[in-house]
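As a basis for the values below, the full set of heavy atoms in this structure was taken, side chains included, without hydrogen atoms, waters or symmetry mates. This one's a predicted model, so the numbers in the text were calculated from it and none came from an experiment.
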Amino acid sequence: MCGHCGCGDTAGTTLLNLETGKEIAMDRGAHSHDHGHDAHDHHDHEHEHVHADGTRHSHAPHVHAAPAAEVVSLEARILAKNDALAVKNRAWFRGREILALNLMSAPGAGKTTLLERTIRDLSKRLTLSVIEGDQATANDGERIRAAGAAAVQVNTGSGCHLEADMVARGLQELRPGVGSVVMIENVGNLVCPALFDLGERAKVVILSVTEGDDKPLKYPHVFKAADLMILNKIDLLPHVDFDVARAIDRASQVNPDIAVLQLSARTGAGLDTWYDWLDHQIAAVREDAFA
């Protein structure tokens with residue numbers, strides 16, 4: 001069990017190329033191969049003790065928990081390995097003038113709907129592709145394809161976030177072109193995705209008004225890590241108890257530099273501000289390539 005996020009040791013991660021149907025099993029051994037304790041193997045078997053009067057008593061296996069220092073060391077190795085791969089991803093994106101964004105949110109905040117709308121609205125002037133992360137199913141990946149973008153689906157099993165190596169494998173399948181945009185839709189979760197660098201240029205956290213304006217303080221790490229917060233589903237504001245000013249203030253308390261956009265991916269309200277932000281990021285990527 002990974003002490004960082006609780007991902008299961010046997011979590012099976014698969015990558016599905018939705019264009020070709022090719023499915024790849026990915027080894028998530030970084031979470032599972034550092035827990036062996038050979039010196040204690042004799043404790044893993046039930047044993048029987050015979051008393052002087054001839055009675056027998058069976059003892060259940062005795063399990064030793066990993067020391068706290070060992071868990072911390074494992075977490076450090078996991079993050080170090082991930083960060084090294086993220087550096088390679090970032091260099092790969094930069095060398096091809098590709099804008100890569102890491103979209104994070106709780107389940108149901110509207111990440112996929114926002115991507116669908118963005119793909120359809122900008123398809124004539126931008127080439128977008130998507131690495132779609134979920135624990136199971138290819139439902140969202142198929143929605144992205146139907147909207148008109150190339151996509152690969154990464155299913156993390158019991159894992160709760162994407163990692164840099166998953167993105168690298170996804171890129172091998174997608175083969176995004178020079179000057180294009182790669183959207184990485186992370187697994188729905190407001191905790192662990194903030195901790196793992198994927199090599200993206202910017203992190204975008206999406207908060208829907210149906211979730212409550214206290215989320216930036218309850219889940220501070222993801223808002224602290226984000227460059228942009230999108231308040232989505234503003235068309236529902238008349239029907240929910242959500243204070244926009246309070247949500248923005250709380251996000252600013254956690255991250256004074258966070259930018260904020262308000263929009264509705266369903267109705268299209270405010271989407272121009274999102275598209276303007278994307279254009280600015282694309283221009284910055286092109287400038288950086290020659291810096």
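Residues satisfying the side chain to side chain contact (heavy atoms under 4.5 Å, CB included) test with D213, not counting sequence neighbours, are F242, D243, R246, A247, R250. For E211, the side chain to side chain contact (heavy atoms under 4.5 Å, CB included) partners are A106, A109, L190, L207, S208, K215, not counting sequence neighbours. The salt bridge (Lys or Arg N to Asp or Glu O under 4.0 Å) test applied to D83 returns no partner, not counting sequence neighbours. Shown here are the salt bridge (Lys or Arg N to Asp or Glu O under 4.0 Å) partners of K22, two or more places apart in sequence or in another chain: E173. Looking at residues two or more places apart in sequence or on another chain, you find no salt bridge (Lys or Arg N to Asp or Glu O under 4.0 Å) involving K233. Qualifying side chain to side chain contact (heavy atoms under 4.5 Å, CB included) partners for Q172, counting only residues two or more places apart in sequence or in other chains: R169. Partners of N255 according to the side chain to side chain contact (heavy atoms under 4.5 Å, CB included) rule, which considers only residues two or more places apart in sequence or in another chain, are D257, I258.
Summarising the hydrophobic clusters (Ile, Leu, Val, Met, Phe, Trp, Tyr; side-chain heavy atoms under 4.5 Å, direct or chained), the residues clustered with L16 are L18. The hydrophobic side chain of L85 is isolated, with no ILVMFWY side chain under 4.5 Å apart from it.
For the pair V187 and D134, the minimum side-chain heavy-atom distance is 4.5 Å or more. Between K224 and V205 the shortest side-chain heavy-atom distance does not fall below 4.5 Å. The shortest distance between side-chain heavy atoms of E185 and D140 falls below 4.5 Å. Contact of the L231 side chain with the I206 side chain is not registered, since no non-hydrogen atoms from C-beta on lie closer than 4.5 Å. In this structure, Q281 and V181 have side chains that are not in contact, with every pair of non-hydrogen atoms separated by 4.5 Å or more. Contact check for T14 versus M26: no side-chain heavy atoms found under the 4.5 Å cut-off. A 4.5 Å side-chain heavy-atom check between V244 and L237 finds at least one atom pair inside the cut-off. Using a 4.5 Å heavy-atom cutoff, the side chains of T118 and L278 are in contact.
Remark: the backbone N or O of E163 is not paired with any side-chain donor or acceptor of N82 at under 3.5 angstrom. No donor-acceptor distance shorter than 3.5 angstrom exists from the side chain of S180 to the backbone of P176, with no hydrogens or angles considered. In terms of modelled atom types and a separation under 3.5 Å, the side chain of N232 and the main chain of A265 share a donor-acceptor contact. Without hydrogens or angle criteria, D235 side chain to R266 main chain gives no donor-acceptor distance under 3.5 Å. A donor-acceptor pair is defined here as one N or O able to donate and one able to accept, closer than 3.5 Å; such a pair exists between the side chain of N155 and the backbone of T137. Panel note: side chain T273, backbone G270; a donor-acceptor pair is recorded below 3.5 Å.
Under the 4.5 Å side-chain contact rule for hydrophobic residues, I248 and Y219 share a cluster. The hydrophobic clustering, which links ILVMFWY residues whose side-chain heavy atoms are closer than 4.5 Å, places L198 and L174 together. Linking ILVMFWY side-chain heavy atoms closer than 4.5 Å, directly or via other members, places V209 and M104 in a single hydrophobic cluster. Under the 4.5 Å side-chain heavy-atom criterion for ILVMFWY residues, no single connected hydrophobic cluster contains both V204 and V260. Hydrophobic clustering (side-chain heavy atoms under 4.5 Å, transitive across Ile, Leu, Val, Met, Phe, Trp, Tyr) keeps I131 apart from L101.
Atom CD1 of residue I184 and atom CE of residue M166 lie 12.0 Å apart, to the nearest 0.5 angstrom. Going from atom CD1 of I98 over to atom CD1 of I282 covers 11.5 Å, rounded to the nearest 0.5 Å. Here the SG-CG distance, from C192 to N186, works out to 10.0 Å after rounding to the nearest 0.5 Å.
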Handout entry: side-chain contact (heavy atoms from CB on, under 4.5 Å) between E23 and L15, worked out
Key = CA-CA 6 Å; E23 186 169 2; L15 184 147; over 6 Å; no

Practice task
Report the C-alpha separation of K203 and L103 in whole Å, then their side-chain angles, then the decisive distance to 0.1 Å, and conclude whether the side-chain contact (heavy atoms from CB on, under 4.5 Å) test is met.
Solution key: CA-CA 6 Å; K203 289 180 170 67; L103 275 58; over 6 Å; no

Practice task
Kindly indicate, with the supporting measurements, whether the criterion side-chain contact (heavy atoms from CB on, under 4.5 Å) is fulfilled by L162 and T156.
Solution key: CA-CA 7 Å; L162 294 179; T156 60; 4.1 Å; yes

Problem - Audit row: I144, L115, side-chain contact (heavy atoms from CB on, under 4.5 Å) steps and yes/no - result: CA-CA 7 Å; I144 295 300; L115 285 178; 3.8 Å; yes

Exercise for the section: Could you please spell out the steps behind the salt bridge (charged side-chain N to carboxylate O under 4.0 Å, His left out) verdict for R145 and E19? Expected result: CA-CA 8 Å; R145 280 193 70 217; E19 302 297 314; 3.2 Å; yes

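For the residue pair G199 and F93, the shortest heavy atom distance occurs at O-CD1, 3.4 Å. Among all heavy-atom pairs drawn from A168 and N89, the shortest one is CB-OD1, 3.6 Å. The minimum heavy-atom distance between A147 and I119, with the atom names listed, is O-CG2, 3.4 Å. Closest heavy-atom contact between L126 and L128: CB-CD1, 3.6 Å. Nearest heavy-atom pair, A225 versus A194, reported as atom, atom and distance to 0.1 Å: CB-O, 4.1 Å.
Side-chain atoms of S158 and Q135 include no donor-acceptor pair closer than 3.5 Å.
Applying the side chain to side chain donor-acceptor pair (under 3.5 Å) rule to pairs touching residues 282-291 yields R201-D288, sequence neighbours excluded. Sequence neighbours left out, the pairs with a member in residues 85-102 that pass salt bridge (Lys or Arg N to Asp or Glu O under 4.0 Å) are R90-D197. Within the structure, ring-ring contact (aromatic ring centres under 6.0 Å, His included) contacts touching residues 255-291 (residues at least two apart or in different chains) are W274-W277.
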